[in-house]
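Atoms within a ligand are numbered from 1 in the order they appear, just like the ligands themselves. Owing to the predicted nature of the structure, the values given are computational and were not obtained by experimental measurement.
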Amino acid sequence: MFKPKAYSVKAYATPSATAPLAASTIPRRELTDRDIQIEILYCGVCHSDLHFARNEWHFTQYPAVPGHEIVGRVTQVGPKVTKFKPGDLAGVGCLVDADLSCPHCKKGLEQFSPTSVMTFGSMDKHLSLPTYGGYSERIVVDEHFVLTLPQNLSLAGIAPLLCAGITTYSPLRHWKVGPGKKVGIVGLGGLGHMGVKFARAFGAHVVVFTTSESKCADAHRLGAHEVVISTDAAAMAQHAGSFDFILDCVSADHDINAYLGLLSIDGNLTLVGAPEKPLPVASFSLIFGRRSLSGSLIGGLAETQEMLDFCGQHNITADIELIRMDQINEAYERMLKSDVKYRFVIDMASLKNT
Ligand code: NAP
Ligand code: ZN
């Protein structure tokens, strides 16, 4: 088997859980037959980047380069690539490889494959080195994991669809959110604001739960029919037992029993937020009403393409604040204060000047 060599590209990395990110270099591989090399133009900033950079999930190896909401331009393709040619626009999300032979991959659920390789924090099987994310000049990805982008939308606004978009689209589709359904979205951050846009586009009655009073007007503008300040016990009580589905997009410790109690009989709460600490569940929150609690991880490649095509047809992008690469540490601090409306996106051209 051809063993590609590594070459160096510029990136923004952190050497430890407590150090800021700074300019660095990382290895990328020469192209194998099915590989695509992409010059990264924009990269979204997901709260998972922060959890990972600061080792909040306890598996980070350093140096670490986050970033998995990647859009860019194809610069080179391997000889067996059929979907892309140099000059095309292309997107990459949280997955960059898998052997595609397991039952999950065959069902289009590559995210659950035992051989799946994440964009950062996994192992590049060709180089036997860690994978490094999108805060970098270029990335090399197997073509199965490269997405075609809608041509009619702003490129920077598309980037967050590659994680925040698919992570909310997939469970809303799985739980058949649509007309006649009352749906709650908890946490109006990067994921939450995409959840509101999709739930509204699917025809549901959408209620946003936020801790930030300052986001109420935006929640309505983004598509919510109602907004509840989740610290207001009386406002919460008015919705008891009434929701078909709730999508929990919160990045930090919070009381999920307060939301389980809002579900109707057979209602479901799906967690996509991945806080560092476990969330206690009171069994009575589930037993009364035969309610269920589940999780969801991004989405497979076919569904990600379906989501991007849907966004193209319905003119859906993320609401973004464009930043330079050297503003990333400040952006992380603002994200921790829920001060992001509603996704930071890095203009990767700014990496050159760091
Ligand atoms: P984000 O932009 O920082 O948004 C998180 C939101 O949660 C905040 O804007 C805030 O909304 C709310 N929040 C924050 N701290 C809170 C607290 N202490 N109590 C209650 N609410 C709080 O983060 P994100 O990028 O959307 O990511 C959200 C979570 O999803 C992260 O844990 C991330 O790792 C995870 N994630 C999971 C997947 C997956 O596949 N399952 C994929 C991507 C991300 P309000 O101001 O409205 O209260
Ligand atoms: Zn993400």
Pairs touching residues 345-354 that satisfy side-chain hydrogen bond (donor to acceptor under 3.5 Å, both in side chains), sequence neighbours left out: none

Taking the side chain as every heavy atom from C-beta outward, state whether Val9 and Ile26 have any pair of such atoms under 4.5 Å apart. yes

Within the 4.0 Å heavy-atom sphere of ligand 1, strictly under, residues: Cys46, His47, Ser48, His51, Trp57, Cys163, Thr167, Gly187, Leu188, Gly189, Gly190, Leu191, Thr210, Thr211, Ser212, Lys215, Cys249, Val250, Ser251, Ala252, Asp253, Val272, Gly273, Ala274, Ser296, Leu297, Ile298, Met335, Ser338, Arg343

With sequence neighbours excluded, tell me which residues meet side-chain contact (heavy atoms from CB on, under 4.5 Å) with Ser48. Cys46, Trp57, His68

Can you see whether Phe202 has Arg173 sitting over its ring - NZ or CZ less than 6.0 Å from the centre and within 45° of the normal? yes

Hey, mind stepping through Lys181 and Asp244 against salt bridge (Lys or Arg N to Asp or Glu O under 4.0 Å) and telling me if it holds? CA-CA 6 Å; Lys181 295 283 168 81; Asp244 298 292; 5.8 Å; no

At their closest point, which heavy atom of Phe112 faces which heavy atom of Leu297, and how far apart are they? CE2-CB, 3.8 Å

Give the ring-plane orientation class for Tyr259 versus Phe209, where under 30° counts as parallel, over 60° as perpendicular and anything between as tilted. perpendicular

Identified side chain to side chain contact (heavy atoms under 4.5 Å, CB included) partner of Leu269 from the options Leu286, Leu262, Val281, Ile246: Ile246

Under-2.8 Å neighbours of the Zn ion (ligand 2), protein N/O/S atoms only: 3

Under 3.5 Å, is there a donor-acceptor pair between the His205 and Glu226 side chains? yes

